[in-house]
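Just so you know, ligand 1 is whichever comes first in the structure, and atom 1 is the first atom listed for that ligand.
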Amino acid sequence: MKNLTHINTKLLGLIGHPIKQSYSPFIHNAAFEMKKMDYLYLPFDVTKSNLKGAIRGMSILGVKGFNVTIPHKENILDMLDNISEEASIVGAVNTVVNDHGELNGYNTDVHGVTGTLMQYKKDITGSVVSVVGAGGAARAVIYSLIRNFKPEKIFLVNRTEQKAESLKKYFSEKIKFDSFNTKELFPPDLVETFRSSKLIINATSVGMFPDSDDSITELGESFTKDQIVFDLVYNPTRTKLLKLAEKQGAETVDGLNMLIYQAAKSFELWTGEEMPVEQVRNSIKYYIEN
Ligand code: NAP
């Protein structure tokens, strides 16, 4: 890891609270090291009451850009100069570019989803998809699906069905996609919904460390060998859900891909350069698993 900075080193960062669990500093600094680029990426723990001040500070100090994580992804929208179309529709910003004092907000989670699923585009277009979750990550998933993959129908499954209903209404109005069904996350009833889906996406935090024994379903019969199952959780990389789906012969995709693809898009927005995605993926996988 880099241990020397000098007068020309460009600073990037991450604001959130808490931020100790974030892998973004590792990912970006590893990529800068690999590409011999003179940048440094630092985490800044910023509470809600300090958000406005922190953003002003970033701008005044000439920080080139920063990532935004929980709990600021939504609140920051009103504090920026420009918001990309996708960040505006998703309703969340995770990347800010400081263009000579003008702060521009983007949502690169959408690119994370798109980059991860692109290899399955033919399977997804015209098919039924189940999305579990109704939070910020689910919104990025739904936006990417509708804009880039054109599924025939999306089942929105969530523990609190009311939130899935609100999401359905929101996207129906915003991007005129009406082919939604909502369901409560109640496993026995879900088997048929899942079995009828070509793609199942877990966009909840269920299964994430330290609760790695949890899964959105325990029922192996929810999956078939013709399906793709994508879990946004990236720690652990092989979640209980993915192991269950894999046992039934389904194709499984872990959250690490999305993490890297969203980071790669932020990297490109800040530097104009491509991130060495495969190399970084190997590095972060080793870092998480050891
Ligand atoms: P969020 O806005 O807080 O939403 C959390 C979602 O999970 C809600 O739908 C919530 O249901 C559901 N949930 C939480 N605990 C649950 C439980 N015990 N049982 C059933 N449902 C539960 O969080 P988010 O920002 O959308 O993030 C969701 C997950 O995606 C996190 O694990 C995050 O790390 C991951 N993520 C990964 C990437 C990546 O690059 N791989 C990027 C972004 C996010 P209710 O509505 O009922 O509360």
Side-chain angles (χ1 to χ4, degrees), residues 14 16-28 67-76 86-87 90-95 106-117 130-144 154-168 170-171 182-187 189-190 200-218 229-242 252-267 275 277 280-281 284-285 288:
L14 164 71
H17 180 76
I19 43 162
K20 267 199 209 132
Q21 78 293 350
S22 176
Y23 292 129
S24 295
F26 181 94
I27 291 174
H28 288 288
N67 279 133
V68 183
T69 187
I70 291 168
H72 306 313
K73 282 184 175 187
E74 283 98 17
N75 297 340
I76 199 171
E86 55 209 8
V90 169
V93 161
N94 77 332
T95 302
Y106 300 87
N107 187 306
T108 68
D109 281 339
V110 172
H111 297 268
V113 177
T114 308
T116 302
L117 294 179
S130 284
V131 177
V132 186
R139 290 208 302 268
V141 164
I142 295 164
Y143 179 90
S144 169
I154 300 178
F155 281 111
L156 295 180
V157 180
N158 197 44
R159 174 176 62 180
T160 317
E161 197 182 349
Q162 219 180 347
K163 285 197 199 162
E165 277 296 332
S166 307
L167 214 55
K168 168 181 165 177
Y170 179 80
F171 276 104
T182 61
K183 289 229 161 194
E184 196 183 351
L185 183 56
F186 183 57
D189 189 37
L190 276 184
I200 298 166
I201 303 179
N202 175 35
T204 75
S205 47
V206 178
M208 191 165 79
F209 179 84
D211 300 314
S212 323
D213 284 337
D214 293 347
S215 168
I216 51 167
T217 180
E218 304 280 337
V229 180
F230 170 28
D231 198 338
L232 266 67
V233 171
Y234 49 80
N235 186 12
T237 45
R238 304 310 293 162
T239 58
K240 187 170 181 184
L241 172 73
L242 293 187
T252 58
V253 183
D254 66 49
L256 214 49
N257 290 302
M258 175 173 166
L259 187 70
I260 304 286
Y261 281 117
Q262 65 78 25
K265 185 65 189 176
S266 304
F267 188 94
M275 180 183 269
V277 168
V280 172
R281 191 184 198 286
I284 183 79
K285 195 165 189 290
I288 292 175

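Within ligand 1, the atoms closer than 4.0 Å to a non-hydrogen atom of Ser205 are 7 (O), 14 (C), 15 (N), 29 (C), 31 (C), 32 (O), numbered from 1 in the order shown. Shown in contact with Leu259 at under 4.0 Å from a heavy atom are these atoms of ligand 1, numbered in order with element: 39 (C), 40 (O), 41 (N). Annotation for ligand 1: atoms under 4.0 Å from non-hydrogen atoms of Thr160 are 45 (P), 46 (O), 47 (O). Near Gly135, with a cut-off below 4.0 Å to any heavy atom, the atoms of ligand 1 are 2 (O), 4 (O), 9 (O), 26 (O). Atoms of ligand 1 found under 4.0 Å from any heavy atom of Gly136, numbered from 1 in the order shown, are 2 (O), 26 (O). Atoms of ligand 1 found under 4.0 Å from any heavy atom of Met208, numbered from 1 in the order shown, are 32 (O), 34 (O). Taking a cut-off of under 4.0 Å to the non-hydrogen atoms of Gly133, the atoms of ligand 1 that pass are 9 (O). Distances below 4.0 Å separate heavy atoms of Lys163 from the following atoms of ligand 1: 45 (P), 46 (O), 48 (O).
Tyr23 and Asn235 share a side-chain donor-acceptor pair at under 3.5 Å.
A 6.0 Å sphere centred on NZ of Lys183 holds more than 12 heavy atoms belonging to other residues, nucleotides or ligands. Shown here is Gln162, whose CD atom has no more than 12 heavy atoms of other residues, nucleotides or ligands within 6.0 Å.
With values rounded to the nearest 0.5 angstrom, Thr182 atom OG1 is found 9.5 Å from Asn158 atom CG. Between atom OG1 of residue Thr95 and atom CG of residue Leu14 there is a gap of 10.0 Å, rounded to the nearest 0.5 Å. In this structure, the separation between OG1 on Thr237 and CD1 on Ile288 is 6.5 Å, given to the nearest 0.5 Å. Annotation: the span from Leu259 atom CG to Ile284 atom CD1 amounts to 6.5 Å, rounded to 0.5 Å.
With hydrogens left out, the protein atom closest to atom 8 (C) of ligand 1 is Asn158 OD1, 3.9 Å, a heavy atom. For atom 28 (C) of ligand 1, the nearest protein heavy atom (residue, atom name, distance) is Ala203 O, 3.5 Å. Annotation: atom 44 (C) of ligand 1 to nearest protein heavy atom, Ala137 CB, 3.7 Å. Nearest protein heavy-atom contact of atom 16 (C) of ligand 1 is Arg159 NH1, 3.4 Å. For atom 19 (N) of ligand 1, the closest heavy atom belonging to the protein is Val206 CG2, 3.5 Å. Among all protein heavy atoms, the one lying closest to atom 38 (C) of ligand 1 is Met258 CE, 3.9 Å.
The heavy atom nearest to atom 37 (C) of ligand 1, considering only Ile260, Leu156, Asn235, Leu232, is found in Leu232.
Annotation: side chain of Leu241 is not in contact with side chain of Ile200 (no heavy-atom distance under 4.5 Å). Residues Met258 and Phe230 are in side-chain contact: their nearest non-hydrogen atoms beyond the backbone lie under 4.5 Å apart. Inter-residue side-chain proximity for Asp254 and Thr239 is flagged as unmet; no heavy-atom pair is nearer than 4.5 Å. Here the side chains of Gln262 and Lys265 are not in contact, with every heavy-atom distance at 4.5 Å or above. Side-chain contact between Glu74 and Arg139: present, with at least one pair of heavy atoms (C-beta onward) separated by less than 4.5 Å. Considering only heavy atoms from C-beta on, Asn257 comes within 4.5 Å of Arg281 through its side chain. Taking 4.5 Å as the limit, every side-chain heavy atom of Leu190 sits out of range of all side-chain heavy atoms of Val132. Under the 4.5 Å side-chain criterion, counting only non-hydrogen atoms from C-beta, Asp109 is in contact with Lys73.
Any N or O atom pair closer than 3.5 Å counts here, and Tyr234 shares no such pair with ligand 1. Between Asp109 and ligand 1, no pair of N/O atoms sits closer than 3.5 Å. Note: an N/O pair closer than 3.5 Å links Gly255 and ligand 1 by distance alone.
Of all the heavy atoms of Thr204, the ones lying under 4.0 Å from any atom of ligand 1 are found in both the backbone and the side chain. With a heavy-atom cut-off of 4.0 Å, Leu185 touches ligand 1 through its side chain alone.
Contact analysis puts Ala134 in contact with ligand 1, with a non-hydrogen atom separation below 4.0 angstrom.
Of the protein's heavy atoms, at least one falls inside 4.0 Å of atom 24 (P) of ligand 1. Put simply, atom 33 (C) of ligand 1 has no protein non-hydrogen atoms near it, under 4.0 Å away. When distances from atom 46 (O) of ligand 1 to the protein are checked, a heavy atom turns up under 4.0 Å. Within a 4.0 Å radius of atom 42 (C) of ligand 1, the protein contributes at least one heavy atom.
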